[in-house]
Each structure stands twice: as C-alpha cells, then as structure tokens.
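Worksheet: the structure to be examined is printed underneath.
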Amino acid sequence: MSGLVPSSDAAPAALLVVPVVLPIVGAVLAPLTAPFNRVLPLVTSILAVSASGLVLLLIARRVYGPHTRVLVHYFGHWKPIGGQALGISFAADPFGLTFALMSASIGTCLLLAAFSELGRLGNRELGGFACLFQVLIAALIGAALTSDLINLFVWFQVASLASYGLSGFFLERPIALEATFKLIVMTTIAGFSVFIGAAMLYAQHGALNFGQLRGSLARGLRTADLIALGLLVTGFATKAGLVPWHGWLPDAHTPAPGSVSALFSGLMVNLGVVAVVRVCLQLFPGTATRHHMTGMLLVAGVASAFLGGILALAQDDLKRVLAWDTISQMGILIIGFATANAHSVAGSVYHMISHGVFKALLFLCAGGVVHTTGLTKMSEMGGLLRHRTSLAIGFTIGTAAIAGIPPLSGYASVGLIHEGVKDSNSVVYAAVLIAQVITVAALGRAAYLTFYRKRAQPYQELEKPRTGMRVALGLLAAACLAIGIFPRELIDTVAAPAAASLLNRDGYAHAVLSSGGTLPHLAVHFHYWLASELLTIAATVAAGLLLAAWYVRRDEPRAVTALRRLHTGLVNDYATYAAAGTAACLLILIS
Amino acid sequence: VILGNYLTSAALFCLGLYVVLTRRNIIRIVTGLSLMEASTYLLLVSMAYRKGSTAPVLLQPPGGAKGEDLARGNVADPVLQNFCLTAIVIGVAITGVFLAVVVRLAQHYRSIDTDKIRELRG
C-alpha cells in the first residue's frame, strides 16, 4: 500500500460523481419531455443509464486488474487531515464498482424491456415510470460507491422511496397496493434500524467515513458498537430479504410488471447484501472471537436458502416462484460472504453478478408469459414452448444457469462458493448442496408447468411479443453465456480483486483516507473442469429433477403447508418476525 | 437529565413498535411508525448533547468569550442534529407516500383492516 497516488488517478476519480448524476438528470428530464413525445422518456432514460455505465467502465479500467486500485473522490475537496474525514467521499473499490457496473448495464436492458412491455401507457405514466426507474438505479450506484455511513443510509432511503413508487405504480391493481403497503412498513422499520445504528457509531467514534470508522473500531468493540452492528446488519438484511426479515419480498415481486420485478430482484435486493457485507467485512473487525455476527449471518443464510427454496417449490404463481428463489439465492450469497475466505467471497461476488443477470432474464420471461397469456398461475398455463419459443428458451437458459450447468454462468460462481465453503464448514456445505437441489427442483418444476407440459385446451388469444423485449432477452441470455464462458478472466479481473478489497480490510480503509491506494493481489484458483465439481453439479441437477418430478405428482406435504401458513399475509406478523429476529440478533451479540 | 431522554426515547420506540406489531388498523400503523421515527429524533438530539454545552453556532459569544474559545469549547454536536433534519425530510416523504397508498387501499378494499387486505400470502 503506497500513500503516493499517481496523478493519472485524479481524472478518473473526479468522474466518480458522474455515474450517479447522469441517471438523476435523466430522471428529471424524462417526465419533462414525456408530454411532447412518448419516445423521449425511453430515449433519455436509456441514454442516461447507459452513459452512466460507460463512465463506470472508464473508471473500471483504472480499478480492476492485477494492481488493483481504489479511486477516491472527496466532495468539495474536503480531504481528510490527519486521518480525520469531515466531508463525504465516494470510493471506487472493485467490490462496489462491480455492483455499480452491474446496476448500470442490467438496468439499461431492463429499461428497454420495460418500455416495450409497457408501451401502451399514457405519456405521463411513461415519464413517471422512467423517472422512478432511474432514481432507483442512481441510488444503487450511489450506495455502491459511497464510503460514508450516513450517505449509505441516504441512498438506501432513496432506493426505498423509488421502490415504493415502482411497486405501487399500477394504482388500480389492489394487490399492487397491498404489496407496496407491506414493503413500506418493513422497509421503514429497517430504515430506523440503520439510522439508529449509524448514529450510535457516530456518537461513539465521531466518524462516519468507512476508513476512519474501521480504524477506530479496530481498537476495540464496546457494547454500544455491538448494538450498532446488530442494528445496521439487521436493517440492511431486510433490504436483502434474508429470513426472518423477508416478509415483504415475495409480495412486492408478484404484482409488479416483469421488468420492475427484475430490477428489484436482480439489483435492488443486492443493495442490502452489499451494505451488509461492507459493514461486516470492511467496517467491523472480523473473526468469531470479537463478535458473533458472521456466525449469525451463516445461520440466516442457511435459513433463507432453505425456506426460499422450499416455498419456491410450493408456489403456483409463476413470479412468486422466482421471488422466493431470490430469497434462497441471497441466502447462498450471504453464506459465501460470511464464510469469508478468498474462494467463498470471490465466488459470492461472481454469483452476485451471475444472479443479477439470470434472475433479470427469468423475471423478464415470466413477465412476458404473464403479459402474453394474461394468466399468473402456472396450473392454468402450459404448452408455451410451442407458442412462445423465445420466452421458453430464455427461461430454460436462466434455469440452467441457476442449476449450474456448464458453460452457463452459475457453474463457475456456484463452484467457487462450494470450494470456499467445503473447507471451512462441512455442515454449511451440505446445506448449500441441499438448497441447490431444492432450487433446481423449484425452477425445473416452474419451467415444466409453464412451457413443457401439454395444455388440454388452446389459448384464447395471445399477445404478440415485442421487439424491445426480445432484444433485452437476447442480451441477458448472451450475458449469461459470456459470464460462464470466461470464468478465468472474470475471476482474475473482477472477483478476486473484489474479494481482496473485502478481505484486506485495512487496505480499503487506508485508501479511503489517503486519496486512493492499491490493494494487494489475492490469488483465487479455480479449476473449471474439476471432476468432483462436475459430479456434484450433475448429482444436484439429477436429484433436483427427481424431486421436481415427485413434487409435481403429489399433494403438498404437510410440512410445506405449515410453512406457507406461517406467511399469513398479515403485515403485523411479518413485522413481528423481523423484530424478533433483530431482538435475538442483538441479544446474542451483547451476551 | 440525559438518561431520562434516552429512557423516554426507548419507551416511545417500543410503544410505536408495539402499535405496529399488534394493531390491524392501517392508520394506527402509520401512527406507530411516526412514533418510532420521533423517538429516533429524540435519541439523536440527546446523543448530541454534552453536559453544559451550548449551541454550536453563535452570533454573539456569551459571557465575553471569543470565537476561538468556542471552537475548542463545549458545544452540542451539530452533525447528529443535522442527521435529524435529514431524517425528518425523509420521514415526511415516506409518510406522504404511505398515506397516499392508504387512501388508495381504503378506496379499493373499503376497509383499513390489515386482516382484510391480504390476498398475497404463503
């Protein structure tokens, strides 16, 4: 780590604000231009978000690579003096930048799909929709790049406000309102939790900058710090949809249009994961001897992976299957991060990218199916392979990617997580494998019921597929393939540096306080054609398909019915689960 | 004095949470969330206070003190008070959106009972 910063870093670092500003400008322009021409909001929003992605790529050229750098920009040039930061700063480390890049690029595809799906809306609605969509993307990028705790809270709230607008966008649909209402209650409570946690840390340490807090926390944790840790993590875990804070997630994804669900599930939920990981790995001193947070995250991750998988298998609503599966996948991501070794963390970063792409693809296909048939229940669908081949291919590619069939994206990412978890904890490894089997079964069942089985009577009428949607599906499917085909490159340039940024805590902290810096190289070896991994994947896929075939033929098992009954749809109950989870977490932390 | 503030804040928070967890009337849930929010403001302002401290910005330093003395002197932490302002703005926005949703829900369902508004479950 050198304190010296090459002057060539100054220019890209000054650009760090631009990727956030561009979508915000677009968000202002879209509703203003919409009354004149209905194409204008589409053009402005796609231009703004893709331009933001391009600027991020410019920054990425300096950040990624074997000599990983962290670029830092201080707002108003309020540089830290003597390790004391007064102003807000943005820092592009490989981890945050990966999430920012993901948000901009997947966001562009989703905007394309959204406007082709919602083409019949009026001008005003299109403008408003484009505005909210871009505000959410700006908030995600801001949250990914910020290195200030209260700034992170503000982006969290901006993302939440935009998500309320998007999920309740179709005010005439009662279930959309119901979902928004639950989303608001749960997220507001999470917001209080994060807010109090951040304020407590500030009151204790007089610092909000991640680097400065890290230095101060490393000197010792007091009870107040542990409570703050618990509040921050549980608050962000609500956004991440981890069990038991997950009540809002399946509902919020069900009534929204496909592209909005894809945005929520592929990108917004990850905001919670990114923030949890930043707090746990970069801010607080790790190791189980200091606090029990990582252990509890492992438990929450396993619980999410199981509950999400089982309830995904039990759903009849196509989009709800995918929503519950998101909970399961977030569990897997958190397991990888909480295991905290080079392989598991790099694997989780890889899986975050991979999940963003395939879940966006799956939700777009599901949205397409709902849009074409006008049906939402899988029991009423079927035979769509013949009628809507492009959607069937897209959904199958997404399912295969989740199942980890090579050469698709899931193989390398899940393989890396397996490799990391296997060595550190065999119980968790077994849990990950079983969850993987359930996931394959849930998605396989959904694909079979929707596309592959025969349908007795023909469909009344089917909506025509649209070009924009097809282009978006094609782009995402191609990304699924590309991410899977070039694992070596992706691990070396993106995942391993991101893991280095998370595991080399002091490197990031030092860089944030000293106008940038370099991170040491972290070696992550991955053997693509490892026989044991191939066998594991083959076994999970086979077991998953068997489970799906068994599940399709029989009535719902009683245990599954009991789990479904727990999710009463009553917001009071969901808030109770969340509050109980937070209380348990705090008690274990301070005990 | 400050301990009393903390206790009041905790009591308010718990009261608000209790309302959110147990009441089925949506308006009461909004009220409960507002109570929780108010308790965070009280907590933050109390955390900013130090014994015998004055306001951080003064046009006329009291008791013949000079401006330089104040810079090193005992003042309440303005940053936490600033968070409060930020949180109040965000809170107003969220309450506004929430109430708009409540109005729509009441129009559609002809009820503000959470038990009647749960088509999505399981």
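None of these values were measured; they are calculated from a predicted model. To find a chain, count down the sequence lines: A is the first, B the second, and so on, and within it residues start at 1.
Counting heavy atoms of neighbouring residues, nucleotides and ligands inside a 6.0 Å radius, atom CD1 of A:I81 does not exceed 12 of them.
With a 4.5 Å cut-off on non-hydrogen atoms, A:T576 touches chain B through its backbone and its side chain both. Proximity to chain A (any heavy atom under 4.5 Å) is shown, for B:L105, by both the backbone and the side chain. Heavy atoms of A:L161 lying under 4.5 Å from chain B belong exclusively to its side chain. Residue B:L33 touches chain A through both its backbone and its side chain, counting heavy-atom pairs closer than 4.5 Å. With a threshold of 4.5 angstrom between heavy atoms, A:A579 approaches chain B through side-chain atoms but not through N, CA, C or O. Only the side chain of A:I150 comes within less than 4.5 Å of a heavy atom of chain B; its backbone N, CA, C and O stay farther away. Contact annotation for B:E37: both backbone and side-chain heavy atoms come within less than 4.5 Å of a heavy atom of chain A. For A:E178, the parts lying under 4.5 angstrom from a heavy atom of chain B are both the backbone and the side chain. Both the backbone and the side chain of A:T568 come within contact range of chain B, each with at least one heavy atom under 4.5 Å from a heavy atom of that chain.
Within the model, atoms CH2 of A:W78 and CD1 of A:I88 stand 9.5 Å from one another, a figure rounded to the nearest 0.5 Å. Distance check: B:F83 CZ to B:Y41 OH gives 14.0 Å after rounding to the nearest 0.5 Å. Within the model, atoms CZ of A:F170 and OG1 of A:T180 stand 11.5 Å from one another, a figure rounded to the nearest 0.5 Å.
Ranked by heavy-atom pairs under 4.5 Å with chain B, the first of A:L566, A:L563, A:T188, A:I184 is A:I184. Counting heavy-atom pairs closer than 4.5 Å to chain B, the top residue among A:T254, A:V185, A:L177 is A:L177. Heavy-atom pairs under 4.5 Å with chain B were tallied for A:L208, A:T561, A:D573, A:V571; the largest tally goes to A:L208.
Residues B:D77 and A:Y202 bring a donor and an acceptor atom of their side chains to less than 3.5 Å of each other.
Looking at every heavy atom in both residues, B:S46 comes nearest to B:I2 through O-CD1, 4.0 Å.
Listed by chain and residue number, nothing satisfies the salt bridge (charged side-chain N to carboxylate O under 4.0 Å, His left out) test with A:R222 (two or more places apart in sequence, or in another chain).
Remark: A:K239 qualifies as a cation-pi partner of A:F156 under the 6.0 Å distance and 45° angle criteria applied to the six-membered ring.
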Review item, side-chain donor-acceptor pairs of residues 84-104 of chain B, under 3.5 Å, at least two apart:
residue: B:T86; atom: OG1; partner: B:N82; partner atom: O; Å: 3.0
residue: B:T95; atom: OG1; partner: B:G91; partner atom: O; Å: 2.7

Give every donor-acceptor pair under 3.5 Å between a side-chain atom in residues 9-29 of chain B and any protein atom, sequence neighbours left out.
residue: B:S9; atom: OG; partner: B:S39; partner atom: O; Å: 3.0
residue: B:T22; atom: OG1; partner: B:Y18; partner atom: O; Å: 2.6
residue: B:N25; atom: OD1; partner: B:I27; partner atom: N; Å: 2.9

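In this structure a side-chain-to-backbone donor-acceptor pair under 3.5 Å is present from A:Y574 to A:G569.
Listed by sequence position, A:Q315, A:R320, A:W324 are the residues of residues 312-325 of chain A in contact with chain B, using a 4.5 angstrom heavy-atom cutoff.
The side-chain heavy atoms of B:L42 and B:Y6, taken from C-beta on, include no pair separated by under 4.5 Å.
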